There are 2 protein chains.
Amino acid sequence: MGRLTIKDVARAAGVHPATASRALNPLLPGRISAGTTERVARAAAELGYVADPVGRSLRTQRSGTVGVLVPDLLNPFYPPVLRGVQEVLRGHGFEALIASTDNDPGRAGALLDVFRGRRCEGYVIASASRRDDAVGRLIAEGVPVVLVNRLTEAAAPSVTSDDARGIGQAVRHLAELGHTRIGHLAGPSGISVTRAREAAWRAGLRAAGLTPERSWVVRAGQYTASAGERACGTLLDRGEVTAILAGNDMIAVGCYAAFAARGLSCPEDVSLVGINNMPLAEWLRPSLTTVAIDQEELGARAARLLLARLADPAARVGDVALPTELVVRRSTGPVRP
Amino acid sequence: MGRLTIKDVARAAGVHPATASRALNPLLPGRISAGTTERVARAAAELGYVADPVGRSLRTQRSGTVGVLVPDLLNPFYPPVLRGVQEVLRGHGFEALIASTDNDPGRAGALLDVFRGRRCEGYVIASASRRDDAVGRLIAEGVPVVLVNRLTEAAAPSVTSDDARGIGQAVRHLAELGHTRIGHLAGPSGISVTRAREAAWRAGLRAAGLTPERSWVVRAGQYTASAGERACGTLLDRGEVTAILAGNDMIAVGCYAAFAARGLSCPEDVSLVGINNMPLAEWLRPSLTTVAIDQEELGARAARLLLARLADPAARVGDVALPTELVVRRSTGPVRP
DNA sequence: ATGAAAGCGCTAACAC
DNA sequence: GTGTTAGCGCTTTCAT
């Protein structure tokens, strides 16, 4: 059929292509008469013209594309985040290129190179370790970057969850159930949320009049179920705690397996709290009490921050911390007498 | 820093830009001398040149972009599929634009329009209903499309799982455990896998010398846990079956909840088999016996089929059916005496 | 085998 | 307010 170009629209409206272009991009300088604008718009609509993004990109040096990097697409936490990002971006004419580092920090560089080759105008990065070379370089170059749930040493706006609040609620909830020895399965070190969550756990215990013991913390090497199962096993075998705050829901998923392997039942023998409220959390047996984060909103806010920086690269856009809220389900119960 | 163009490479190598371009694209007609090719390649490597995809696209009328449509990003089945698709595409210089219809067939059209605006060269579609207008139109226009786990009335190559094999194994497994009344929670009608799975269930029962009863099938409105829970409840309340083949793992997840709500324990009171072996299947309690499908391979094969059609639009590429295999875990056990 | 020149679709800069 | 011109980066004729 031969694709429509702006020349076709211009011809149909009886104007020059440049005029047609201006008429269709109202924000540009050099205003166009109402009549012309009208005629061009009608012609475009009738013909079903949509501007070729490639031609436009070449001229404007923009791609209408944003790179999104997540650490693990298989972790149910991220799909809702992606949905939020895409929804907002699409509403503003941007499309997201998505990649997962699969929990391998080394892959970030290569993936970012692919994105840069495609002229992504900005990046939403949910995979940055606290010290990440590839991401740091990006930020240093002044490319618009928004971090999700991660902080780096480099300065880039970020959207995080205010874990402290929800974790405080979680610990209080456990304390009110009579638990005095509440363990924590921390995520991998080198990630900012890991530290924040551990700190919040510590603070929560203190606020409840309890003293966090070093032996109540075990570090899971990754935010995965299998790492969680191992770490939980280690913690259980020390035989000290009656309740566990997992570093996230995937780690909590691993805990269920560790419980079962030791013949412990939840919540009768051990109480368990996760973090994230991932899509399947309510479907686990027992359903998981967890610190809920609005994942879609997390992504949506990140996208909006990025759009603000895209519109004005000099804009100082601040960080956002979304509130978290404890969702009590069936994995927590009174301490055993 | 000012981005590198092919002119920079040409200058560094002491040749004309056109020559440099040819040297870097070895497959083109008009071969270039080995020496020149070498010099240009070295210059490009030293400068770190990567061709601008936008300029290239404008000239070649290609975008290096493929649209991928899935019905539900939140369903753990699809992320591995996407990973397989992306991996293969990236290896061939293509990037995937991903969108989810969120189980709303009506959204497919709008999303495909976004993709078309971006000049996607081909599509991997995992969301087609058996009768899907938007997708049908695409195929009719001769745009390269590969379907994943779906068949439409229109003719497009597809990659599916050979559910019959694994489902046959599943039914035999249950029969060998002594089950004679094996129910099925079918997915939404209007989707090809739904029919295929129901047919395979029926055939499996017959092969085991059993007669499938109409009352043993309940249809879940969607492939989701909550739809599964409702459907499972209906089936259980009829009080006929001792084992259940769920339409997929998400429906099976809902079954766990339905069991718990009725005080039934699995596998002592009811045996349960899922389909897909999604990432969390082994972490459910009890771990889910399920018909495994290599999801990543599903995506990878789809991508390869698409690449074949992209390379030669006239190529008749056939359908692919990947084998499935029963994975026996702890959700199935002997029938109660 | 290589250089010259043209042009993909669009819009910014410059006329008028 | 609108037409003219030029050029984004690349590849592909067409010469030589």
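Convention: sequence-line order gives letters A, B, ...; per-chain numbering from 1. Here the structure is a predicted model, which means the values were calculated and not measured.
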Participant: CZ/F115(A) to CG/L97(A) distance, rounded to the nearest 0.5 angstrom?
Facilitator: 5.5 Å
Participant: If you define the side chain from C-beta out and look only at heavy atoms, does anything of Y223(B) sit under 4.5 Å from D72(B)?
Facilitator: no
Participant: Looking at T19(A), does any N or O in its side chain come under 4.0 Å of the phosphate oxygens OP1/OP2 on dG3(D)?
Facilitator: yes
Participant: So how far is it from R309(A) CZ to R316(A) CZ, rounded to the nearest 0.5 Å?
Facilitator: 7.5 Å
Participant: In whole angstrom, what separates L4(A)'s CG from dC10(C)'s P?
Facilitator: 9 Å
Participant: Once rounded to the nearest 0.5 Å, what's the spacing between atom CG of L307(B) and atom CG of L89(B)?
Facilitator: 5.5 Å
Participant: Could you state the atom-to-atom distance from CZ of R11(B) to P of dC10(D) in whole Å?
Facilitator: 12 Å
Participant: Between dG9(C) atom P and L24(A) atom CG, what is the distance in whole Å?
Facilitator: 16 Å
Participant: Rounded to whole Å, please give me the gap between CD1 in I32(A) and P in dA12(C).
Facilitator: 12 Å
Participant: In this structure, how many angstroms lie between the P atom of dG7(D) and the CD1 atom of I6(B), rounded?
Facilitator: 20 Å
Participant: Enumerate the residues from residues 43-64 of chain A whose closest heavy atom to DNA chain D is under 4.0 Å, giving them by residue number; use none for an empty result.
Facilitator: L58(A), R59(A), Q61(A)
Participant: Working to the nearest 0.5 Å, report the span between CG of L74(A) and CD of Q295(B).
Facilitator: 8.5 Å
Participant: Can you tell whether the side chains of R83(A) and E87(A) come within less than 4.0 Å, N to carboxylate O?
Facilitator: no
Participant: Less than 4.0 angstrom between a side-chain N/O of T36(B) and OP1 or OP2 of dA1(C), yes or no?
Facilitator: no
Participant: Dump the pairs, protein N or O against N or O of nucleotides 13-16 of chain D, anything under 3.5 Å, distances to one decimal.
Facilitator:
{"residue": "dT13(D)", "atom": "O4", "partner": "R22(B)", "partner atom": "NH1", "Å": "3.2"}

Participant: Determine, for E141(B) against R137(B), whether the closest basic-nitrogen to carboxylate-oxygen distance falls under 4.0 angstrom.
Facilitator: no
Participant: May I have the distance from H16(A) (atom NE2) to dC14(C) (atom C1'), rounded to whole angstrom?
Facilitator: 13 Å
Participant: Taking atom P of dC10(C) as reference, at what distance in whole Å does atom NZ of K7(A) sit?
Facilitator: 9 Å
Participant: How many angstroms lie between atom CG of L69(B) and atom CG of L111(B), to the nearest 0.5 angstrom?
Facilitator: 6.0 Å
Participant: Measure the CG-CG distance between N103(B) and L73(B) for me, rounded to the nearest 0.5 Å.
Facilitator: 11.0 Å
Participant: Side chain of S33(B) only, heavy atoms from C-beta on: which candidate in dG3(C), dT11(C), dA1(C) is closest?
Facilitator: dA1(C)
